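Convention: sequence-line order gives letters A, B, ...; per-chain numbering from 1. Treat the numbers as computed from the prediction; the structure is a model and nothing was measured.
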2 protein chains.
Amino acid sequence: MNQQTALLYGRKYAGSASHRAECRELPVKIIRVREAFMALFRGAFQEVELTDPQWRVLRVLSTVDEIDTAALAERAILLGPSLTRILRDLDQRGLVTRRSSRLDARRSLHSITPEGLRIIDEIIPRFDPFYQSLARRMDQGDVAQLGALLDMLLDNLDAAIKDSEE
Amino acid sequence: MNQQTALLYGRKYAGSASHRAECRELPVKIIRVREAFMALFRGAFQEVELTDPQWRVLRVLSTVDEIDTAALAERAILLGPSLTRILRDLDQRGLVTRRSSRLDARRSLHSITPEGLRIIDEIIPRFDPFYQSLARRMDQGDVAQLGALLDMLLDNLDAAIKDSEE
DNA sequence: CCCAATTATTTAACGCGTTATCTATTATCG
DNA sequence: CGATAATAGATAACGCGTTAAATAATTGGG
């Protein structure tokens, strides 16, 4: 039923407690789930000719009045160079605008245009069937617990990253 | 503590059962967890000058005698065109070899070289500290449950994708 | 047997992820 | 003040993800 989610990022734990190998299966599962989500949304994005990262930028801009580049990158989960390219393209399509800050000329402040907002309003309802389909299949308690466990994993990964940076 | 994992892929559920919005937070959480895993492993990959997808290819090849392109793509979680490029590069570095099948000349059969195996043996122990660090922080029952919930989510996403393709 | 349909793989094109580097602007400290 | 450090953002380079189209080999129906 499930695709192959074999161990890729390590070896099976050689010690006595074989359940400790579980951690090592998480990266592959995360990769596969991410791809499945993207595959699910791809059609909706294509209908409005946006990519997933472009969508995230517009989505963040639709929730604020203005926002500077660094904050936009953080909230849209993008690195600076990706965001620069995306803003250039969205600007050319007339979906976003920018002005530079008068307090600090290094900063740009970005906002969404009415046309950008129109696209947002058009696409958001298209997500509904996917979530409804998912909610029909999955127990809501499981979903809530999965969310909590992912938050916990994220916190622990961040801590492990900080550890390994020393 | 946690990074911003705001809603990006839909709107808050407007109905009476507000917990139904939970599903809509999963994509962002998955994206962030994936990035955290990659950040954790990146240093280890750089030490042997492999990218993460290149690593996955070598890792699969280290577990089999020979394997054809399509099966390798499935097991390394790659699409054909990515795999073609990666095999070309790994071949140039002498880490993999290929021969074409005598039964079906369209097929290639790939295998890892001794030098490729040497890199595998060098890098695998480097993952251990990361998993140990993670296992120290997380309850093993939580990890097992997270794995099971991710499997369930993956199955349901695949089913939802099939639904929406009609 | 032959030719159309199918299958395995590659190529091409475009956008994103990542790192390193560059430019412009602001802040700091003597 | 003025030189230097720090910061915001852009650019360049390289590899991967995705789609569409091309190539080559095989299969199957007439």
Side-chain angles (χ1 to χ4, degrees), chain A residues 31-32 34-58 66-74 76-93 95-96 98-110 161, chain B residues 31-32 34-58 66-74 76-93 95-96 98-110 161:
Chain A
I31 290 174
R32 290 207 185 272
R34 174 174 155 71
E35 301 210 334
F37 264 122
M38 289 305 120
L40 188 59
F41 295 139
R42 194 164 294 137
F45 289 141
Q46 286 174 344
E47 285 178 40
V48 294
E49 299 198 78
L50 286 178
T51 64
D52 164 55
Q54 289 171 345
W55 158 257
R56 294 203 300 264
V57 169
L58 285 186
E66 284 187 318
I67 188 170
D68 69 275
T69 310
L72 179 54
E74 159 61 21
I77 323 179
L78 291 169
L79 294 179
S82 295
L83 184 52
T84 295
R85 285 184 302 235
I86 289 168
L87 288 171
R88 168 179 34 79
D89 296 346
L90 294 178
D91 195 351
Q92 284 170 4
R93 289 171 61 180
L95 307 183
V96 304
R98 73 164 57 189
R99 68 180 185 89
S100 57
S101 165
R102 275 178 284 276
L103 297 165
D104 182 344
R106 291 170 302 183
R107 281 202 156 99
S108 287
L109 295 172
H110 308 276
I161 289 166
Chain B
I31 290 174
R32 290 207 186 270
R34 174 174 157 69
E35 301 211 334
F37 264 123
M38 289 305 120
L40 188 60
F41 295 140
R42 193 163 295 137
F45 289 141
Q46 286 174 344
E47 285 178 40
V48 293
E49 299 197 80
L50 287 178
T51 64
D52 164 54
Q54 288 171 344
W55 158 257
R56 294 203 301 264
V57 169
L58 285 187
E66 284 186 318
I67 188 171
D68 69 274
T69 311
L72 179 54
E74 159 61 21
I77 322 179
L78 291 169
L79 293 179
S82 295
L83 184 53
T84 295
R85 284 183 303 235
I86 289 169
L87 288 170
R88 170 180 30 82
D89 296 345
L90 294 178
D91 195 352
Q92 283 170 5
R93 288 171 63 180
L95 307 183
V96 305
R98 72 165 55 189
R99 69 179 185 89
S100 57
S101 164
R102 275 178 284 276
L103 297 165
D104 182 344
R106 293 169 304 182
R107 282 200 155 100
S108 287
L109 295 172
H110 307 276
I161 290 166

In whole angstroms, the gap separating C1' of C:dT18 from CG of B:Leu50 amounts to 16 Å

Atom CG of A:Asp52 and atom P of D:dT19 are separated, to the nearest Å, by 12 Å

Ranking A:Met38 and A:Asp68 by the position along DNA chain D of their nearest nucleotide, the one closer to 5' is A:Asp68

Rounded to whole Å, CG of B:Leu79 lies from C1' of C:dT10 at a distance of 14 Å

Task: Contact under 4.0 Å: A:Arg34 side-chain N or O vs D:dG17 OP1/OP2 - done: no

Heteroatom pairs (N/O) under 3.5 angstrom, protein to nucleotides 11-16 of chain C:
residue, atom, partner, partner atom, Å
C:dC16, OP1, A:Thr51, OG1, 3.2

B:Arg98 meets the salt bridge (Lys or Arg N to Asp or Glu O under 4.0 Å) criterion, sequence neighbours left out, with none

Note: contacts of residues 98-107 of chain B with DNA chain D (heavy atom, under 4.0 Å) are B:Asp104, B:Ala105, B:Arg106

From CG of A:Leu109 across to P of D:dA8 the rounded distance in Å is 13 Å

Whole-Å distance, B:Ile67 CD1 to C:dT9 C1', equals 15 Å

Contacts of B:Thr51 meeting side-chain contact (heavy atoms from CB on, under 4.5 Å) (sequence neighbours excluded), chain-then-number -> B:Pro53, B:Gln54

Residues 38-50 of chain A vs side chain to side chain donor-acceptor pair (under 3.5 Å), sequence neighbours excluded, gives A:Glu47-A:Arg126

Those residues at least two apart in sequence (or on a different chain) that pass salt bridge (Lys or Arg N to Asp or Glu O under 4.0 Å) with B:Arg34 are none

side-chain contact (heavy atoms from CB on, under 4.5 Å) filter on A:Ala70, not counting sequence neighbours, yields A:Asp68

Those residues at least two apart in sequence (or on a different chain) that pass side-chain hydrogen bond (donor to acceptor under 3.5 Å, both in side chains) with A:Arg106 are A:Asp104

Overall bend of the helix from C:dC1-D:dG30 to C:dG30-D:dC1 (five pairs an end, 10° steps) is 0°

Which pairs would a plain distance check flag for residues 80-92 of chain A, meaning a side-chain donor or acceptor within less than 3.5 Å of a matching protein atom at least two apart in sequence or in another chain?
residue, atom, partner, partner atom, Å
A:Ser82, OG, A:Arg85, NH2, 3.3
A:Thr84, OG1, A:Gly80, O, 3.2

Rounded to whole Å, CG of B:Leu83 lies from C1' of D:dT18 at a distance of 15 Å

Taking D:dT18, C:dT19, C:dT9 as options, the one with an atom nearest any side-chain atom of B:Gln46 is C:dT19

